[in-house]
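Here's the structure we're looking at; comments come further down.
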Amino acid sequence: MFALPGSAMDVLENMEGDNVLNLSRMNLETLAALEDISEEKRKETRQLLLTHNRFTAFPGNVAYLSNLLFLDISSNGLAHICDQILALTKLKTLIAKNNRMDEFSLPKDFGKMNLEVVNFSGNRFEEVPPQLLELQRLKSLSLGGNRLKTIPAEIENLTSLELLYLGGNGILSIPPELANLPYLSYLGLCDNHIQGLPPQLAQLNSLRSLSLHNNLLTYLPQEILNLVRLQELSLRGNPLVVRFVKDFIYNPPSLLELAGRIVKSRNFQYSRKDMPANLVIYLDSASKCPNPKCAGVYFDSCVRHIKFVDFCGKYRLPLMHYLCSPQCYSPCSSNSQSDCDSDEEFNIPQHRMQKVLLG
C-alpha cells in the first residue's frame with residue numbers, strides 16, 4: 001500500500017509527465033498537502049487523479065489547481081461536491097464514477113461550469129440533476145448504473161451533446177424531446193425496462209450507434225430506417241416478436257374521420273372559405289397509409305401492424321406500421337416465412353436495412 005502523502009514533497013513525488021498529478025490508491029481522506037506546494041507547481045497541473053481513496057466530500061482545496069482540465073475522483077465514498085469546484089473555471093472533464101452521489105449532491109451553480117465531459121455512472125441518482133441539464137458545452141454525459149426511472153424532457157437543452165449513456169438503470173420510456181439533440185452520435189440505453197421507441201428518434205441525423213440490448217422491446221418503429229448514419233444497432237436480449245402480430249385493438253373511425261378520409265382519398269378541393277379553420281387543420285393532418293397497395297389515409301384511427309422484415313434469410317427485424325384499416329393487411333402477412341415477407345413490400349432500401357440489421 002502506498003504511504004499517505006503528508007507533505008508537499010510527497011505530493012511532488014507523484015507528479016507524472018504531461019502535468020499529471022496521480023494520487024490514486026493512497027487511502028487519502030484530505031488533500032491538505034496541496035496547500036504547501038508552490039504556486040508554480042499548482043499552475044502546471046492539468047490532470048488530477050484521486051481514484052480509490054476515502055473521500056466522502058469533495059476536497060475543496062483542489063481549487064488551488066486553477067488550471068486543472070481533467071479530474072477523476074472515482075471509487076471513493078463521495079456523497080457531496082462542494083461549491084469550491086466552481087473555482088475550477090478551466091475544468092473540462094469530471095469523472096466521479098462509483099461513489100455515493102445522488103441528485104442532491106451538486107452545488108446550485110454547477111450548471112454554470114464549462115464542463116464538456118461528465119461521468120457519474122455507478123452512483124445513486126434517482127433523477128437527473130437539473131444542474132446537469134444546464135451545462136451548455138457538455139458533449140458527453142454518462143449516468144449508467146444509477147437508479148433513474150425517467151429521462152427528463154429538458155434533456156433537449158444539452159444541444160452540444162454527442163454521447164449519452166444511460167445504461168443499467170430502470171428507465172421505462174424515452175421522451176420524444178431526446179430527438180432534439182442535433183449532434184448526438186452515440187446513445188446507450190441498454191439494460192433498462194424500455195418497451196418502445198418514439199418515432200421522433202428518426203430525427204437524430206447524427207446518430208451512429210444505438211445500444212438497446214436487454215430491454216423489453218417487442219417491435220421497432222419503422223421510422224428507425226431513416227437513421228441514415230446508423231452503423232451499430234444492438235438489440236440482443238429483447239423479447240422481439242418472432243411472428244406477425246395481428247390482434248391489436250382497433251377502434252373504428254368516427255364519422256368525422258370517415259368524412260375526412262373521403263375528402264382526402266378523392267382529392268376534393270377545400271379551403272378556409274369552404275369550412276371552419278379547425279376542419280382545414282384536421283384535414284391537413286391526414287397520414288398516408290404506408291401500404292403501397294392502398295391509397296387510403298387515416299387520422300386518429302389506425303391499425304398497428306408489425307411487419308417482420310427478413311434480410312437474406314438470416315436477420316429478422318420487427319417494425320411497427322400504422323395502417324388505415326384491417327383490410328390493409330397483406331394476404332401473406334400471417335406467415336412470417338412467406339416470400340412476400342420482404343423488405344420490398346414497404347419499399348425499404350436493401351442497403352439501409354442491411355446497415356441496421358448488421359449493426
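The hydrophobic cluster containing Leu256 also contains Leu283, counting ILVMFWY residues as joined when their side-chain heavy atoms lie under 4.5 angstrom apart, directly or transitively. Connection of Phe70 to Val20 is established within a shared hydrophobic cluster, with ILVMFWY side chains joined at heavy-atom distances below 4.5 Å, either directly or through further cluster members. Under a hydrophobic clustering in which Ile, Leu, Val, Met, Phe, Trp and Tyr are joined whenever their side-chain heavy atoms come within less than 4.5 Å, directly or via other members, Leu88 and Leu86 fall into the same cluster. No continuous path of ILVMFWY side-chain contacts below 4.5 Å connects Tyr282 to Leu255, so the two sit in separate hydrophobic clusters. Cluster membership for Met275 and Ile281, using ILVMFWY side-chain heavy atoms within less than 4.5 angstrom, is not shared.
Counting only N and O atoms by type, the side chains of Arg54 and Thr56 include no donor and acceptor under 3.5 Å apart. Checking Lys97 against Asn119 by side-chain atom types alone, no donor-acceptor pair falls below 3.5 Å. Between Asp191 and Asn214, the side chains place a donor N or O and an acceptor N or O closer than 3.5 Å (distance only, hydrogens not considered). Looking only at atom types and distance, the side chain of Lys41 has no donor-acceptor partner in the side chain of Tyr64 under 3.5 Å away. At a cut-off of 3.5 Å, with distance as the only test, no side-chain donor of Tyr219 or Asn238 sits close to an acceptor on the other residue.
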For Met113 and Leu91, what are the C-alpha separation, side-chain angles and deciding distance, and is it a side-chain contact (heavy atoms from CB on, under 4.5 Å)?
-> CA-CA 8 Å; Met113 298 188 70; Leu91 190 66; 4.2 Å; yes

Stepwise, does the side chain to side chain donor-acceptor pair (under 3.5 Å) test hold for Asn205 with Tyr183?
-> CA-CA 8 Å; Asn205 296 323; Tyr183 303 110; over 6 Å; no

Tell me, with the steps shown, if Leu227 and Leu204 meet side-chain contact (heavy atoms from CB on, under 4.5 Å).
-> CA-CA 7 Å; Leu227 295 171; Leu204 292 172; 4.3 Å; yes

Test side-chain contact (heavy atoms from CB on, under 4.5 Å) on Ser75 and His52 and set out the steps.
-> CA-CA 5 Å; Ser75 302; His52 298 279; 3.5 Å; yes

Step by step, would you call Leu163 with Lys139 a side-chain contact (heavy atoms from CB on, under 4.5 Å)?
-> CA-CA 6 Å; Leu163 180 149; Lys139 295 181 179 180; over 6 Å; no

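Formation of a donor-acceptor pair under 3.5 Å by the Asn99 side chain with backbone atoms of Met101 is not found in this model. Side-chain atoms of Asn215 come within 3.5 Å of backbone atoms of Ile194 as a donor-acceptor pair (strictly under, hydrogens ignored). Looking at Asn67, its side chain does come within 3.5 Å of a backbone N or O of Lys43 through a donor-acceptor pair. The backbone N or O of Arg137 sits nowhere less than 3.5 Å from a side-chain atom of Ser160 that would complete a donor-acceptor pair. In this structure, the side chain of Ser211 does not engage the main chain of Gly188 through any donor-acceptor pair within 3.5 Å. Between the side chain of Gln131 and the main chain of Leu106, a donor-acceptor pair closer than 3.5 Å is present. No donor-acceptor distance shorter than 3.5 angstrom exists from the side chain of Ser142 to the backbone of Ser121, with no hydrogens or angles considered. In this structure, Asn76 contributes its side chain and Ser74 its backbone to a donor-acceptor pair below 3.5 Å. Here the side chain of Arg46 pairs a donor or acceptor atom with the backbone of Glu44 at under 3.5 angstrom. Of the possible polar contacts, one joining the Asn169 side chain to the Asn146 backbone as a donor-acceptor pair under 3.5 Å is found.
Closest approach of Lys264 to Val297, counting heavy atoms only: CB-CG2, 3.8 Å. Contact record, Thr159 with Gln136: OG1-OE1, 4.5 Å, taken as the closest heavy-atom pair. Nearest heavy atoms, Glu126 versus Glu103: N-OE1, 3.0 Å. Of all the heavy atoms in Pro107 and Cys82, the pair that sits closest is CG-O, 4.0 Å. Nearest heavy-atom pair, Leu78 versus Ile73, reported as atom, atom and distance to 0.1 Å: CD2-CG2, 3.9 Å. The minimum heavy-atom distance between Lys149 and Gly170, with the atom names listed, is CD-O, 3.5 Å.
To the nearest 0.5 angstrom, Lys90 atom NZ is 6.5 Å from Ser66 atom OG. Residue Arg42 holds its CZ atom at 9.0 Å from CG of Asn61, rounded to the nearest 0.5 Å. Between the CG atom in Asn114 and the CG atom in Leu138 there is a gap of 11.5 Å [rounded to 0.5 Å]. Taking CG of Leu158 as the start and CG of Leu164 as the end, the distance is 8.0 Å to the nearest 0.5 Å. Rounding to the nearest 0.5 angstrom, the gap separating the NE2 atom in His213 from the CG atom in Leu189 is 10.5 Å. If you take OG1 on Thr51 and CE on Met26, they are separated by 10.0 Å, rounding to the nearest 0.5 Å.
The closest side-chain heavy-atom distance from Leu133 to Pro152 is below 4.5 Å. A 4.5 Å side-chain heavy-atom check between Asn278 and Val280 finds every atom pair outside the cut-off. Counting only heavy atoms from C-beta outward, the side chains of Leu216 and Asn192 never approach each other to under 4.5 Å. Considering only heavy atoms from C-beta on, Val118 comes within 4.5 Å of Leu135 through its side chain. With a 4.5 Å cut-off on side-chain heavy atoms, Leu132 and Phe110 count as touching. Between Thr150 and Leu172 there is no side-chain heavy-atom pair separated by less than 4.5 Å. In this structure, Ile155 and Val128 have side chains that are not in contact, with every pair of non-hydrogen atoms separated by 4.5 Å or more. Residues Leu34 and Leu21 are in side-chain contact: their nearest non-hydrogen atoms beyond the backbone lie under 4.5 Å apart.
Under a cut-off of 6.0 angstrom, the local environment of OH in Tyr270 is crowded, with over 12 non-hydrogen atoms contributed by other residues, nucleotides or ligands.
Ring geometry, Tyr165 versus Tyr186: the interplanar angle falls under 30°, so the pair is classed parallel (tilted spans 30 to 60°).
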